[in-house]
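Excluded from the calculations below are hydrogen atoms, water molecules and symmetry mates; all remaining heavy atoms, backbone and side chain alike, are included.
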Amino acid sequence: MREAYRCGLARYPRREMGTHYDTLGIRPSSTTQEIRKAYLRRARALHPDRQLDRPPDEARKAEQAMQLVNVAWNVLSDPKKKAEYDDGLRPRSVHSSPRSSHSRRQPTPATAQQTTRSIDVEEGDGSVSVWASIPVLLLLGLALGILIVTAFANKDPVDNRPVIQSSTELDVGDCFTLVANVPRERSCASGSADGKVIQIGPDAGNCPENSQSLKDPSSAFFLCWARMMPGSTNTVES
């Protein structure tokens, strides 16, 4: 019991928040040989074989203390782990204090550039500068131009030839012009008609010779028609 106390057994529960050097009872400047001797001394004192005749509470404390000793040895016996551990023990204020004077809020290039791009506001009435409204006016003009171009593009080609009416109800002797394969009545005297109706019947096969047939869109009949001579009021077969 006296040897266990001398090796720090009774003080281990109080040192759970200490360093690995505290666990082994050495200084941070100890050599590798000194660290090894301290570990062996603690390990012998806390070995489970020496706790067989001790009360359960003391045996449990020894087991916990032995775990801490093993962890300390695992870190301090490895030069790389020991260097990282020692670096973590150094006060952070030592490294961070020189930066504090330079970490004052300084305008970054991005912030300065953003500031120069901000909209100028006239002092007094708070009105927005006229230069800020130029992009908006350009966008509105572009949108208006697109609408105008789209409106003209969707219109059908204009037929400037004289049309009497757009009705497809034609009778024998009427002249017409074809617009998208649809007959539209036109004056025979205009000289610009495409054809002239010479017969109307229920069957396209009954049309006279040298004539053509066309379905009348306004009825179930077929129009038998003859082609007009260009610039004339007469049909081709006349």
> Rounded to the nearest 0.5 Å, how far does NZ of Lys37 lie from OG of Ser30?
11.5 Å

> In the hydrophobic clustering (ILVMFWY, side-chain contacts below 4.5 Å, transitive), which residues join Leu142, or is it alone?
Ile146

> Just wondering, do Trp225 and Leu170 contact through their side chains at under 4.5 Å, heavy atoms?
no

> Quick check against the 3.5 Å criterion: does Glu63 have a side-chain atom that pairs as donor or acceptor with the backbone of His47?
no

> Taking all non-hydrogen atoms of both residues, which atom of Ser187 and which atom of Cys175 are closest, and how far apart?
C-CB, 4.4 Å

> I'd like to check the side chain to side chain donor-acceptor pair (under 3.5 Å) partners of Asn70; sequence neighbours left out, ordered by chain and number.
Tyr39

> Hey, what do you get for CE (Met66) to CD (Gln51), rounding to the nearest 0.5 Å?
10.0 Å

> If I compare all heavy atoms of Lys196 with all of Gly173, which pair ends up nearest, and what's the gap?
CE-O, 3.5 Å

> Atom CG of residue position Asn181 - does it have more than 12 heavy atoms of other residues, nucleotides or ligands inside 6.0 Å?
no

> Looking at side-chain heavy atoms only, is the closest gap between Phe222 and Lys215 below 4.5 Å?
yes

> Around atom OH of Tyr85, are there more than 12 heavy atoms from other residues, nucleotides or ligands closer than 6.0 Å?
yes

> Search all heavy atoms of Leu24 against all heavy atoms of Arg41 and return the closest pair with its distance.
O-NH2, 4.2 Å

> Using side-chain heavy atoms (C-beta onward) and a distance below 4.5 Å, is Phe176 in contact with Leu178?
yes

> Taking atom OG1 of Thr235 and atom CZ of Arg227, what is their separation to the nearest 0.5 Å?
11.5 Å

> When clusters are formed from ILVMFWY side-chain contacts under 4.5 Å, directly or step by step, what else is grouped with Val71?
none

> Taking all non-hydrogen atoms of both residues into account, name the closest pair between Ile26 and Glu34 and its distance.
CG2-O, 4.4 Å

> Check Lys81 against Val75 and note the closest heavy-atom contact, atom names and distance.
CB-O, 3.6 Å

> Without placing hydrogens or testing angles, list every side-chain donor-acceptor pair under 3.5 Å for residues 198-207, not counting sequence neighbours.
residue: Gln199; atom: NE2; partner: Asn206; partner atom: O; Å: 3.1
residue: Asp203; atom: OD1; partner: Gly205; partner atom: N; Å: 3.1

> Kindly compute the distance separating OG1 (Thr32) from CG (Asp78), expressed to the nearest 0.5 Å.
10.5 Å

> Any non-hydrogen side-chain atom of Glu84 less than 4.5 Å from a side-chain atom of Asp87?
no

> Name the one of Leu68, Ile35, Leu40 that satisfies side chain to side chain contact (heavy atoms under 4.5 Å, CB included) with Trp73?
Ile35

> List in chain and number order the residues that pass salt bridge (Lys or Arg N to Asp or Glu O under 4.0 Å) with Lys82, two or more places apart in sequence or in another chain; answer none if no residue qualifies.
Asp86

> Of all residues at least two apart in sequence or in a different chain, which pass the side chain to side chain donor-acceptor pair (under 3.5 Å) check with Arg60?
Asp57

> With a 4.5 Å cut-off on side-chain heavy atoms, are Leu214 and Pro183 touching?
yes

> Which pair of non-hydrogen atoms, one from Ala193 and one from Met228, has the smallest distance, and what is that distance?
O-CB, 3.4 Å

